[in-house]
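Step one of this worksheet: look at the structure below.
Order of listing sets the numbers, starting from 1, for every ligand and every atom in it. Only a predicted model underlies this, so the values are computations on that prediction, with no experimental measurement involved.
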Amino acid sequence: MQRNIKDIVRTMTLEEKASLCSGLDFWHTKSVDRVGIPSIMMTDGPHGMRKATEETGDLGLNASVPATCFPSGVGLAASWNRELIENVGRALGREAQAENVGILLGPAVNIKRSPLCGRNFEYFSEDPYLTGEIAKHHIRGIQSEGVGTSIKHFAANNQEKLRMTINAVVDERPLREIYLAGFETAVRESQPWTVMCAYNRLNGVYCAENEWLLTTVLKKEWGHTGIVVTDWGACNDRVAGLAAGQELEMPGNGGITDVDIVRAVKSGQLDVTILDRAVERLLDVTFRAIDGHRPDVKFDATAHHRIARDTAAECMVLLKNEDGALPLARKGTVAFIGEFARTPRYQGGGSSHMNPTRIDSAVEEAQALIGSGGSISFAPGYTLENSAPEPALIAEAVKVAKSADAAVVFIGLTDQFESEGFDRSHMEIPASHTALLDAILAVQSHVVVVLSNGSPIEMPWVSRPGAILESYLGGQAWGGAVADILFGVTSPSGKLAETFPERIQDNPSYLSFPGDGRNVEYREGVFVGYRYYDKKLFKPLFPFGHGLSYAEFQYSDLKLSSSRIKDSDELGVTVRITNIGKVEGKEIVQLYVEDIESTVIRPVRELKGFQKIGLKPGESKQVSFTLSKRSFAYWDQPTSGWRVESGEFHISIGSSSRDIRCTGSVTVESSFRVDTHFDLNSTLMDVSRHPAGAQFAEQVRKGFMAHLGAGSLDPVGALMFEAMVNEMPLRNIVRMGGGQISSETMQGLIAQLNGG
Ligand code: BGC
């Protein structure tokens with residue numbers, strides 16, 4: 001419907017305008033009936049709608065209306081499948097429509113800085129490019145159904161410890177390259193209706209009132225057109241927040257802070273135009289939800305369950321598969337060991353915890369799949385409540401596993417081990433799970449491990465089972481999806497969106513996570529996840545991008561559209577992938593860019609493209625990528641901008657970050673002109689890099705070396721001298737050069753270099 005929002009705002013009283021800047025209650029915005037402004041509802045969350053039923057009161061953490069529970073963020077990202085994610089988004093959007101929910105509070109896109117973050121199960125990846133792509137499509141899917149999203153938690157909310165007060169201290173380069181980049185892609189390319197600002201402080205200022213973050217970067221640089229909503233309870237100073245670009249405080253507080261806004265306008269502390277602008281944005285988003293609502297939409301729970309099952313199967317990562325341990329034969333007896341096989345751990349704890357329309361167990365689904373040709377036996381092996389080994393349960397499980405042809409052991413993390421609200425203190429799984437696995441490995445030679453967890457775990461036992469399937473928190477249809485993969489109905493096609501280190505001590509944030517109670521310093525800079533392990537030549541347990549298939553893929557014919565480009569040009573890359581295996585499968589082809597000649601300290605390689613393709617046996621397809629300036633750039637702190645250094649770059653195509661199959665090379669010419677100011681403390685090397693200074697620098701270098709008698713030095717001495725002279729400030733060339741270069745000559749040169 002056509003409305004003139006500015007006109008509506010003009011007719012509103014100061015009190016009415018201020019009232020819109022905080023919620024009505026836990027989940028609704030306020031209405032202003034006098035001028036025809038309705039209230040809209042928002043609700044969690046990323047992987048399923050958690051609409052509180054009326055009886056649950058404010059927090060609504062217990063009961064919510066039944067909705068489809070899709071795999072949580074970590075799993076969705078491991079699918080690396082843009083279309084699949086968009087399809088999940090559409091299903092989420094339809095469910096929200098059916099319940100008249102205007103905005104779904106997700107996706108959650110914070111970077112996995114440490115495997116210990118309690119909320120990693122909700123977040124996508126340690127890599128900003130993958131995060132941005134997944135978020136972009138998640139948002140597109142939901143919003144295509146006329147329902148808004150809330151990308152969260154903006155920004156640097158990478159731990160749960162003291163999340164409401166901690167100050168994340170992050171340099172601008174890691175912020176831009178790692179922590180903001182995923183948000184940036186999603187905002188620029190999908191325009192989420194709302195951005196949820198995080199609880200924490202960023203570089204000393206609460207995100208909810210951080211003008212640099214909310215206005216300079218989000219609104220001005222990235223062009224966000226929607227509103228900023230606070231995380232629930234993240235508002236510190238309401239007036240400062242509004243001035244910084246935060247439009248909506250949630251949840252409602254009985255109007256306490258609306259009064260602060262009125263008072264601030266009346267006293268002249270807050271310019272009313274700031275309030276007006278915020279209200280215009282609020283109304284724009286409100287009417288998007290109202291106009292987008294389609295009361296006739298109903299969702300088909302069975303069809304959505306099917307989407308959940310197909311999605312879950314694409315999210316699982318086959319970490320290891322030796323001697324054909326998987327897939328399992330659909331005959332004989334297969335023992336399913338572990339309570340998770342009967343009672344799945346399919347979602348995480350906290351605000352995203354919702355009420356599924358149904359839950360499939362692996363035992364039942366596997367039995368249904370193999371039919372009468374074989375049988376699934378079961379023993380729980382542990383209880384969900386007790387982490388200590390229970391000998392009687394283990395003994396029973398051993399008996400069941402021993403008499404079967406193969407055993408699948410279902411272990412991982414129970415609810416007590418990871419959740420929103422607190423971080424893990426270690427990466428171990430419950431002792432009851434390890435003891436069970438040990439006991440089964442002792443009596444059965446064909447053992448497959450299925451893991452249910454939201455974040456990496458230590459696996460001191462990794463070499464012993466024949467296969468390991470990381471199933472993550474796979475949503476309500478997890479059981480069927482696991483059965484599909486175990487028995488070869490589907491070939492696994494997920495790949496890790498995060499590194500599994502061998503032990504937590506290897507993680508780059510280990511020395512500074514989770515901070516000292518007031519500050520958490522991101523001292524590892526841009527070296528997050530694989531960027532660190534690659535640079536340090538650490539061999540992780542399982543690298544970023546790793547995941548096996550029942551098919552086998554061959555990479556060939558890598559072609560670059562040019563061997564030399566300007567940084568303003570695009571580069572086309574193609575590569576041929578052939579399925580040389582015996583079954584159909586999907587491969588995730590990854591493109592990494594490596595800066596070979598760099599004066600800046602950069603990661604060895606960075607993900608800048610990926611494609612997921614399906615191939616029948618013998619089939620072959622060409623995969624294409626397009627790279628642009630940003631694919632080669634780093635954030636240049638001194639000039640506050642994205643910069644590409646001239647020189648050679650490698651384009652590496654891999655099946656994982658540590659399994660590079662082909663590499664090409666391109667030389668990029670930078671458009672960046674260094675506007676260096678020269679003075680007596682500039683070095684001879686600085687001068688030699690300037691087009692007008694190269695010849696002079698060379699002459700001076702030679703003369704100076706001759707004056708110091710460098711010619712008579714042994715080779716090592718000569719090397720030492722050359723290095724010293726190159727890095728010598730110009731003042732010393734004058735002072736130590738034996739009068740070869742006068743002060744006046746040097747000043748003249750400096751003036752010339754400075755364009756004088
Ligand atoms: C969480 C958000 C969530 C909100 C509403 C907060 O505690 O951090 O992710 O959307 O609650 O439930």
Can you sort out the partners of Asn236 under side-chain contact (heavy atoms from CB on, under 4.5 Å), two or more places apart, ordered by chain and number?
Tyr206, Glu209

Exactly one candidate in Arg113, His153, Arg163 meets side-chain contact (heavy atoms from CB on, under 4.5 Å) with Asn158; the answer is Arg113

State which residues pass side-chain contact (heavy atoms from CB on, under 4.5 Å) with Ala186; sequence neighbours excluded, sorted by chain then number.
Ala135, Ile139, Ile151

For ligand 1, what N or O to protein N or O distances fall under 3.5 Å?
from, atom 1, to, atom 2, distance (Å)
ligand 1, 7 (O), Tyr199, OH, 2.9
ligand 1, 7 (O), Glu420, OE2, 3.2
ligand 1, 8 (O), Arg119, NH1, 2.8
ligand 1, 8 (O), Arg163, NH1, 3.1
ligand 1, 8 (O), Asp231, OD1, 3.3
ligand 1, 8 (O), Asp231, OD2, 2.7
ligand 1, 9 (O), Arg119, NH2, 2.6
ligand 1, 9 (O), Lys152, NZ, 2.9
ligand 1, 9 (O), His153, NE2, 2.8
ligand 1, 10 (O), Asp44, OD1, 2.6
ligand 1, 10 (O), Lys152, NZ, 3.1
ligand 1, 12 (O), Asp44, OD2, 2.5

Listed by chain and number, what are the side-chain contact (heavy atoms from CB on, under 4.5 Å) partners of His293, not counting sequence neighbours?
Gln97, Asn100, Pro295

Closest non-hydrogen atoms of Ser419 and Asp415, given as atom of the first, atom of the second and distance, are CB-O, 4.4 Å

According to the interplanar angle, ranging from 0 to 90°, do the rings of Phe417 and His426 count as parallel (below 30°), tilted (30 to 60°) or perpendicular (above 60°)?
perpendicular

